[in-house]
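No hydrogens, no waters, no symmetry mates; every other heavy atom, side chains included, goes into these values. Fair warning: this is a prediction, and the values are worked out from it, not measured in the lab.
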Amino acid sequence: MAAVNILSSEDQFLCSICLDVFTDPVSTPCGHNFCKNCITEHWNTSDQYLCPLCKEGFTTRPDLRVNTFISEMVAQFRQSAQQKASSSSSEQQVSKPGEVPCDVCTGTKLKAELGKTEAEIQQMIQKRRLKIQEIKHSVDLSEEDADREIAEGVQVFTSLKESVERGLNELINTIKEKQKTTEKQAEAFIKELEQEISELMKRSTEVEQVLRSEDHLHLLQSVQSLNIQQPPPTKDWTEVSLRPSSYEGTVVKAVVQLEETLVKQMKKLLEAELKRVQQYAVDVTLDPDTAHPELILSDDGKQVNLGDVRKNLPDNPERFSKCVFVLGKQSFSSGRYYFEVQVKGKTEWTLGVARESINRKGRITLNPQKGYWTILLRNGNEYKAAAGPRVLLSLKSPPQKVGVFVDYEEGLVSFYDVDAAALIYSFTGCSFTEKLFPFFCPYLNDDGENSAPLIISPVRVN
């Protein structure tokens, strides 16, 4: 019965590339079967040796040999199929002498088959209706997210607009107040000068009147009584001047104040953003099968640091052989996920995510083109993003705990300073087509200065 059941399942003998019955079936190291010509042509046109079904990558091109067991099973299947077709044809064309086909039996059998088909169709309809509901629900959720983001954006930009307008008004008022002070001082000077001019003109008139007099006695008496030989008392205006108000730095000061407001607003936004991404926290543990032989992993799979001895471990395809790297056990091929790593006490480290088909043997270059999306610390204070040409990052303070967030469909990998609620760097516009794994590198110990472990920390949403 077992042989019959095996032979009756045609799908087992179909090549997933050409969708036909196997010809010279061969098996890949991951256990999947293909026609020899199909898999050979597939790899001839690709720059990577990936299994077309499970996408497992092979560092070198596997040596393919015909699977004799599958080949014999295919031969038996073909023979059985031919016999079945021949038997069915004979039954339809030749009836036993005296035997008449029963219309009732045939009709009953046909109805049963149609009933089965109808049930399958109804099931297919139901699945598609459920899928429609699922899609509509996704649209509703997306609309809710969009409305929330728009409302938050409007609130933020309204607040910023008000801050800008308030800062502009304060700047204008400050400048006008300075100008008013200058004008008042000028008015005071002018009033005092006019007063003195008036006194001087009065004395000038008196002197002219005395000068017109022909009576010398009256002239003498007038001079003595009016003391017109001396001008009236006045201020020495030689050193007096009106200096225009200085507006140097006024605009700069207003912009600095506005910048401080923007920084505060940005901090609030980043705190809110970090809380949102922390909702996608996942439990990540280290995978010992991928760890370089000199790495030491804690029993709970949450800590890693570099040891002094290279352990004698099997050089399986998943293991990093030269670089002191290790991956997480968990992989992700859709959706969003987030995890946090404590880097306190370390002077050098690398963190991020990597795709499944990365090279794990020999010297490795970290960049998105090679399947790595990472940031790193070197020499205690040099933070960089490994974005092809490395990007130097300017951080206000060294992070003690780094958060890693991935949005698979959006093509986004972001890194956060958890304690400061600050965005460190984002890889955007990424195209993910295979599984992604958390990536860790504690780097060299540097005579004990960098011996502290990387620690996968539980996520606490404040």
Task: Derivation and outcome, side chain to side chain donor-acceptor pair (under 3.5 Å), residues E434 and S357 - done: CA-CA 8 Å; E434 54 186 276; S357 63; 2.8 Å; yes

[X]/[Y] ion pair, N-O < 4.0 Å:
X: D283; Y: K302; answer: yes
X: K401; Y: D419; answer: no
X: K268; Y: E271; answer: no

Open item on the list: Using every non-hydrogen atom in the two residues, find where R310 and P293 come nearest and quote the distance to one decimal.
Closed with: CG-CB, 3.6 Å

TODO: Could you please spell out the steps behind the salt bridge (charged side-chain N to carboxylate O under 4.0 Å, His left out) verdict for D315 and K361?
DONE: CA-CA 10 Å; D315 188 20; K361 307 300 179 184; 2.6 Å; yes

TODO: For the pair K435 (side chain) and K55 (backbone), establish whether a donor and an acceptor sit closer than 3.5 Å, ignoring hydrogens and angles.
DONE: no

Decide whether [X] and [Y] meet the rule of one side-chain donor and one side-chain acceptor closer than 3.5 Å.
X: E340; Y: Q278; value: yes
X: E72; Y: Q76; value: no
X: R360; Y: N316; value: no
X: T365; Y: N367; value: no
X: S451; Y: N445; value: no
X: E382; Y: N379; value: yes
X: E409; Y: S334; value: no

TODO: Could you tell me the separation between the CD1 atom of I17 and the CG atom of N33, rounded to the nearest 0.5 Å?
DONE: 11.0 Å

Open item on the list: Let me confirm one number: the OG-CG distance from S298 to L286, rounded to the nearest 0.5 Å.
Closed with: 6.5 Å

TODO: Would you verify whether the NZ or CZ of R378 falls within 45 degrees of the ring axis of Y443 while also being under 6.0 Å from that six-membered ring's centre?
DONE: yes

Open item on the list: Run Q330 and Y337 through side chain to side chain donor-acceptor pair (under 3.5 Å) and show every step you take.
Closed with: CA-CA 11 Å; Q330 295 72 21; Y337 60 95; over 6 Å; no

- [ ] Evaluate ring pair (Phe, Tyr, Trp, His ring centres under 6.0 Å) for F439 paired with F437, printing each intermediate quantity in order.
- [x] CA-CA 6 Å; F439 172 88; F437 291 82; over 10 Å; no

TODO: Quick one: do Q126 and Q122 satisfy side chain to side chain donor-acceptor pair (under 3.5 Å)? Show the steps, please.
DONE: CA-CA 6 Å; Q126 182 63 18; Q122 290 299 324; over 6 Å; no

- [ ] Report the C-alpha distance between F432 and W373 in whole Å, list the side-chain angles of each, state the deciding distance to 0.1 Å, and finish with yes or no for ring pair (Phe, Tyr, Trp, His ring centres under 6.0 Å).
- [x] CA-CA 11 Å; F432 302 131; W373 292 266; 5.0 Å; yes

Task: Aromatic ring proximity, centroids under 6.0 angstrom, Y408 and F332 - done: no

- [ ] Give the C-alpha distance, both sets of side-chain angles, the deciding distance and a yes or no for ring pair (Phe, Tyr, Trp, His ring centres under 6.0 Å) between F440 and F325.
- [x] CA-CA 6 Å; F440 309 85; F325 299 162; over 10 Å; no

